[in-house]
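We name chains A, B, ... by the order of the sequence lines, and we start the count at 1 in each one. Heavy-atom basis, side chains included; hydrogens, waters and symmetry copies ignored.
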Amino acid sequence: MLIENPLMEARQVTLYYGASEALRDVTLQAAPHQITALIGPSGCGKSTMLRCFNRMNDLIPHVRLSGQILYRTHDLYHPDIDPVEVRRKIGMVFQKPNPFPKSIYENVAWGARLNGYRGNMDELVERCLRQAALWDEVQDQLRKSALALSGGQQQRLCIARTIATEPEVILMDEPCSALDPIATLRIEDLMRELKERYTIIIVTHNMQQAARVSDYTAMMMLTDDRAAGTIIEFGETQRLFTTPSDRRTEDYITGRFG
Amino acid sequence: MGVDNFPPMLVLRRRSRPGEWLIQGFLLLCALLSILTTLGIVVVLGRESWLFFGDEAVTLSEFLTSTTWQPAIGHFGVWPLLNATLMTTTIAMLVAIPLGLGVAIYLSEYAAPHVHDFLKPTLEVLAGIPTVVYGYFALTFMTPLLQNLFGRETVEIYNTASAGLVMGIMILPLIASLSEDALRAVPRSLREAAYALGATPLETSTQVVLPAALSGISAAIILGISRAIGETMIVSIAAGAGPSFTLNPFEAAETMTGHIARISGGDLSYNTIDYNSIFALGMTLFIFTFSLNLISRIIVERFREVYE
Amino acid sequence: MSFDPERSNFAPTLRSRRTWARIGRWLFIAATVVALAALMMMLYNVATSTVGLVAVEYEREPSTLVEQPLEEVSKEELVALLQANISAGLFRRLEHDQPFATRSRETVYDLVIEHVVAETIVRSWPLDKSLVDRAAIEAEIAADYPTARVRFHAWLQPQFLTRSMSSNPEQAGVRTALLGSLWMVLITMLLAFPIGVGSAIYLEEYASDTLLNSILQSNINNLAGIPSIIYGMLGLAIFVRTLEPYTSGAAFGVLDGNGRTILSASLTMALLILPIIIVSAQEAIRAVPQSIRLASYGLGATRWQTTWYQVLPVAMPGILTGTILAMSRAIGETAPLIVVGASTFIVSDPTGPFSKFTVLPIQIYQWTSRPQAEFRHLAATAIVVLLVLLLTLNATAVLVRQRLGRLP
Ligand SMILES: Nc1ncnc2c1ncn2[C@@H]1O[C@H](COP(=O)(O)OP(=O)(O)OP(=O)(O)O)[C@@H](O)[C@H]1O
Ligand SMILES: [Mg+2]
């Protein structure tokens, strides 16, 4: 296999939404303290794949999954595993910034408090906001509603909120799609810093972004019968973007894809 | 490759969360209470009706066909009460349907936005006025008005006309509001199509919009009928106490609901035929309104399919 | 080629169609005006009965008792007047009911009017008539009741709220009924609010079994359409009769009384407004953006933590608005309480869930059903009290939505 000691791994994952197949036989690895990007055309199952990693799919009725999702070689879908605990360890940042309609402070503190954090909350909030590169902008207005922030600030707040629960993995589903280029670059910088401490898996539609930030890239696409998504190529980002081995990957990243 | 090759991670093991289960159980109980209410209604009405029809003084055929309801001498024919119910309901709908539809069409097709935004909530507030107030209005305003118009000899103090008219006024906001919703739901493009063919506003609203909203409007009307049948206070106050089989709207007659209210309001002893009889009336009422509500909902559901 | 109407295949109908369109428009406007007029008439009809001329007869002219107008006499003098003019036995009984020392001047004044002056209203008129036909009214009274005096009487006055039931219309008030309504609504809401919101949460956040969910849902819709009097019959059979030991308080050591208590009424009313609360709470919960839930679950929150900390706070303004509307429904409902057995004439204030009781709408019903005109005035006045109460609630609902609707 490509990666020696993956932190997270999907093995032959097949997923159905009711009767319709969304993923077929997907195998993927995420190296620790690296950024793994999932790219591919719309509707090929990137978000679905990402949600498998922290069992967010459990919230959708009639989802069936086969294969394994491994975290440190432990099966996350083992019947004895608690999805709530999983999501604590494997946090998620969503496509659209979705802060809670509470104060900035509460947004960061809530998840930590929920998970039994007993340290100094003010310190934690400050630390997480600093890590999310938001502290300087909001330090005087922690009690203000999070909804008053700009989209880019909101997204960084969502990242701060996620790292406050001290996860090991952060899943990001097109975290920059609602942001302007400057906010996007800030988030990208942030991701590079965060990977020192966390393992990141990111879905993106932006080829440059994938090339800029990620260490590994997985190219997803619909299977030939167009029924479900699968991974057609996986490798180090640099290699994949310079010498793709699959014709379709090359077409896609160079923008020649229909 | 079995599950056991990948043992679950200890820290992620399913925790027992008794609080969560307790809460979920409580919430489920809450939700089941409404089922219990329905069952309770059916069982109570069914049981007492069963006892009622089990009495040797009563037969189902007499109940369904006879035109005398005189418990004192053992006559239990539902028709005097049912007839009064149907009369007040008919009169009410004669008022509420044309006026309610008129208001609805005015609001959705003609009224300026600020007029609409004022009238619609006003209607909704008026729809929330307790029916006992309407009953007062029937007795102290409508009845004297009818007496002045048609003469004191023809119009009795208690009469179904007054109760019916006021009931119509009561139901009017309901029909107007629901019908207006239905009219609003008709896509704008349909109106524009009609206007583009040279139709006048009247032609557009009556020949294009109204038919398109017909199912929603029928549902509103049926709901109104069901409300009229079940309405109690207006008829208790204004229609008269004492069953009588009459087709004259200016004479007193007691409706099913009015009878139930009057009998149960007095000193009623359990296990008497009087006690059981009101449950048989309640059952009749329940069947009527339940069927009407069901029809109304079926119509609405069809309606949804058309537009989605 | 120019347009030639002569050769067109279309009949020139525009003029008559225009006319019809105009007539139609006026018809719709007329319907609206008639509808609003009828509803306004109702409010006018109530309002005009809350004050007006009355013709009163006295057993003792107040002017023969004391020199100043009776309204200005002090409490001590009133007590003396009372003692001088009524039998010793009656005075002792009144003193026994409540010592004069502790009675307010108002109540002593009422006693003087009741027992000494013995004022009786022989006829009464609504305000509109009183203002327009005053001369005719006075002539009519001079002919029919030579000794009677015509004066204005405000049926709607502050004491109306604090006086209890009385067979003398001038002394009657709605305190007992108002307290009954408040007790009933309080207990009703304590029962219906948590259960209703709980059901809504279950249906929106928990129920995954779609069959059970759709059964519950259509059942709730059905319940909302059942006439209120049928709920009364359910309450009569279950709460008043079957559960009598509990609803009468016998199981808790309250000995006198039957199942026709505030508790029974509240239980019945709770079942009646439950569907309203559930449906509105469901709507409010459904309106909470899904992204908030996902964010919460993504942080490792459990279902209940998500619901309690994130969903409910956002949904609360909507839930409260719906609840307040349900509350006004409970306050205005009459029929089910008649069936459950609200008392028709009680003078003692309700003191708890096991008290006999009456409520405002029942009181209105009672007064309306009396043949004497004076009681109609009382009914109208009580209606004003009821409508003001409901209007306040509605305004609160609007305020709640505006205030709480704003985010922190
Ligand atoms: N909740 C759901 N229920 C049923 N089908 C779903 C659901 N979510 C996604 N799907 C289907 O699964 C397939 C993959 O969807 P997914 O959202 O994972 O695609 P994606 O690659 O993230 O697309 P995009 O780039 O547009 O976000 C699609 O065909 C979609 O219709
Ligand atoms: Mg996606």
Side-chain angles (χ1 to χ4, degrees), chain B residues 17 19-20 23-24 26-28 30-31 33-35 37-38 40-41 44-45 48 98-99 102-103 105-106 110 125-126 128-137 139-141 169 172 176 200-203 206 226 230 232-233 237 257 260-261 264-265 270 278-279 282 285-286 289-290 293 297, chain C residues 17-18 20-21 24-25 27-29 31-32 34-35 38-39 41-42 45-46 195 198-199 201-203 206 216 219-223 225-227 229-230 233-234 236-238 241 271 274-275 278 302-304 328 332-335 338-339 361 364-365 368-369 376 379-380 383 386-387 390 394:
Chain B
R17 302 179 192 270
E20 290 279 326
I23 287 167
Q24 178 157 5
F26 169 77
L27 296 175
L28 178 61
C30 290
L33 185 70
S34 60
I35 298 266
T37 309
T38 309
I41 288 174
V44 162
L45 293 180
E48 304 294 337
L99 284 181
V103 173
I105 295 178
Y106 172 71
Y110 291 89
V125 168
L126 289 172
I129 292 181
T131 55
V132 70
V133 179
Y134 286 91
Y136 173 87
F137 181 58
L139 191 64
T140 62
F141 180 83
I169 297 175
L172 192 160
T200 63
L202 179 74
E203 289 158 349
T206 56
S226 152
T232 310
M233 292 323 295
I237 291 174
T257 51
I260 296 173
S264 54
Y270 309 133
I278 63 170
F279 284 86
L285 203 58
F286 179 73
T289 51
F290 184 83
N293 293 343
R297 265 230 310 297
Chain C
R17 283 168 60 212
R18 279 246 179 84
W20 274 112
R25 186 190 139 96
L27 276 179
F28 296 132
I29 293 181
T32 310
V34 168
L39 291 159
M41 195 61 224
M42 185 166 89
N45 179 51
V46 167
I195 296 178
S199 305
I201 293 174
Y202 185 82
L203 287 170
Y206 282 80
L216 286 170
N219 178 57
I220 286 164
N221 295 340
N222 274 331
L223 283 176
I226 292 178
I229 194 166
I230 288 183
M233 306 183 81
L234 177 70
L236 174 65
I238 303 284
R241 193 177 164 193
L271 292 185
L274 211 49
I278 296 177
T302 61
R303 204 171 276 268
W304 176 246
S328 41
E333 270 296 344
T334 324
I338 295 181
V339 179
I364 294 168
Y365 171 56
T368 307
S369 309
R376 301 274 165 83
I383 287 176
L386 180 64
L387 291 185
L390 294 180
N394 272 295

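- Your options are C/Asn394, C/Leu27, C/Ile29, C/Ile238, and the one with the most heavy-atom pairs under 4.5 Å with chain B is C/Ile29.
- In this structure, CZ on B/Arg17 lies 6.0 Å from OG1 on C/Thr302, to the nearest 0.5 angstrom.
- Rounding to the nearest 0.5 Å gives a distance of 5.0 Å between CH2 of C/Trp304 and CD1 of B/Ile23.
- For B/Ile35, the parts lying near chain C are the backbone and the side chain together; criterion is any non-hydrogen pair under 4.5 Å.
- Smallest separation of non-hydrogen atoms from C/Tyr206 and B/Glu20: OH-OE1, 4.3 Å.
- The heavy-atom pair separating C/Ala380 from B/Tyr136 by the smallest distance is CB-OH, 3.3 Å.
- In terms of heavy-atom pairs under 4.5 Å with chain B, the best-connected choice from C/Leu203, C/Ile383, C/Leu387 is C/Ile383.
- Counting heavy-atom pairs closer than 4.5 Å to chain C, the top residue among B/Thr200, B/Ile237, B/Val132 is B/Val132.
- For a residue to count as touching a neighbouring chain, one of its non-hydrogen atoms must lie under 4.5 Å from one of that chain's; by this rule B/Ile278 touches chain C with backbone and side chain alike.
- Interface residue C/Ile195: backbone and side-chain heavy atoms are both found under 4.5 Å from chain B.
- At a threshold of 4.5 Å between non-hydrogen side-chain atoms, the residues C/Tyr365 and B/Met233 count as touching.
- Between the CE atom of C/Met233 and the CD atom of B/Glu48 there is a distance of 8.5 Å, given to the nearest 0.5 Å.
- Of the listed residues (B/Val133, B/Thr131, B/Leu172, B/Thr257), the greatest number of heavy-atom pairs within a distance under 4.5 Å of chain C belongs to B/Val133.
- Two residues are said to be in side-chain contact when any heavy atoms from C-beta on lie closer than 4.5 Å; C/Leu271 and B/Ser34 fail this criterion.
- The shortest distance between side-chain heavy atoms of B/Tyr134 and C/Leu39 falls below 4.5 Å.
- Residue C/Arg25 places its CZ atom among 12 or fewer non-hydrogen atoms of other residues, nucleotides or ligands, all under 6.0 Å distant.
- Both the backbone and the side chain of C/Ile338 come within contact range of chain B, judged by heavy atoms closer than 4.5 Å.
- In this structure, chain C has a heavy atom under 4.5 Å from the side chain of B/Tyr110, while its backbone stays farther away.
- For B/Leu126, the part lying near chain C is the side chain, with the backbone staying farther off; criterion is any non-hydrogen pair under 4.5 Å.
- Interatomic distance, C/Leu223 CG to B/Phe290 CZ, rounded to the nearest 0.5 Å: 9.5 Å.
- At a 4.5 Å heavy-atom cutoff, C/Ser328 makes no contact with chain B through either its backbone or its side chain.
- Looking at C/Val339, the atoms closer than 4.5 Å to chain B (heavy atoms on both sides) sit in the backbone and in the side chain alike.
- At a 4.5 Å heavy-atom cutoff, the contact between B/Ile169 and chain C is made by backbone and side-chain atoms alike.
- The parts of B/Thr37 that come within reach of chain C are both its backbone and its side chain, each placing non-hydrogen atoms under 4.5 angstrom from that chain.
- Using a 4.5 Å cut-off between heavy atoms, B/Val44 contacts chain C through its side chain alone, with no backbone atom that close.
- Annotation: maximal heavy-atom pairing with chain B below 4.5 Å, among C/Gly198, C/Ala379, C/Gly24, occurs at C/Gly198.
- The contact between C/Leu390 and chain B is made entirely by side chain atoms (from C-beta outward), counting heavy-atom distances below 4.5 Å.
- In terms of heavy atoms, C/Pro227 sits closest to B/Leu285 at CG-CG, 4.4 Å.
- Heavy-atom distances place both the backbone and the side chain of B/Thr38 under 4.5 Å from chain C.
- Ranked by heavy-atom pairs under 4.5 Å with chain B, the first of C/Val46, C/Ile278, C/Asn221 is C/Asn221.
- Taking both residues in full, the closest heavy atoms of C/Ala31 and B/Gly102 are given as CB-CA, 3.8 Å, listed atom of the first, atom of the second, then distance.
- Nearest heavy-atom pair, B/Pro130 versus C/Leu386, reported as atom, atom and distance to 0.1 Å: CG-CD2, 3.7 Å.
- Every residue two or more places apart in sequence or in another chain that forms a side-chain hydrogen bond (donor to acceptor under 3.5 Å, both in side chains) with C/Asn45 is listed here: B/Thr140.
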Q.
The test is side-chain contact (heavy atoms from CB on, under 4.5 Å); show your working for C/Arg17 and B/Leu202 and say whether it passes.
A. CA-CA 9 Å; C/Arg17 283 168 60 212; B/Leu202 179 74; over 6 Å; no
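- Interface residue C/Leu274: only side-chain heavy atoms are found under 4.5 Å from chain B.
- Using a 4.5 Å cut-off between heavy atoms, C/Asn222 contacts chain B through both its backbone and its side chain.
- The shortest side-chain heavy-atom distance between B/Ile129 and C/Met42 falls under the 4.5 Å cut-off.
- Residues C/Ile226 and B/Phe286 have side chains in contact (heavy-atom distance under 4.5 Å, counting atoms from C-beta outward).
- Residue B/Phe279 touches chain C through both its backbone and its side chain, counting heavy-atom pairs closer than 4.5 Å.
- Of all the heavy atoms in B/Thr232 and C/Ala335, the pair that sits closest is CB-CB, 3.5 Å.
- With hydrogens and angles disregarded, a donor-acceptor distance shorter than 3.5 Å links the side chain of C/Ser199 to the backbone of B/Cys30.
- If you measure heavy-atom distances from B/Ile41 to chain C, the contacts under 4.5 Å come from both the backbone and the side chain.
- Per-residue counts of heavy-atom pairs under 4.5 Å with chain C were compared for B/Leu45, B/Thr289, B/Ile105; the largest is that of B/Ile105.
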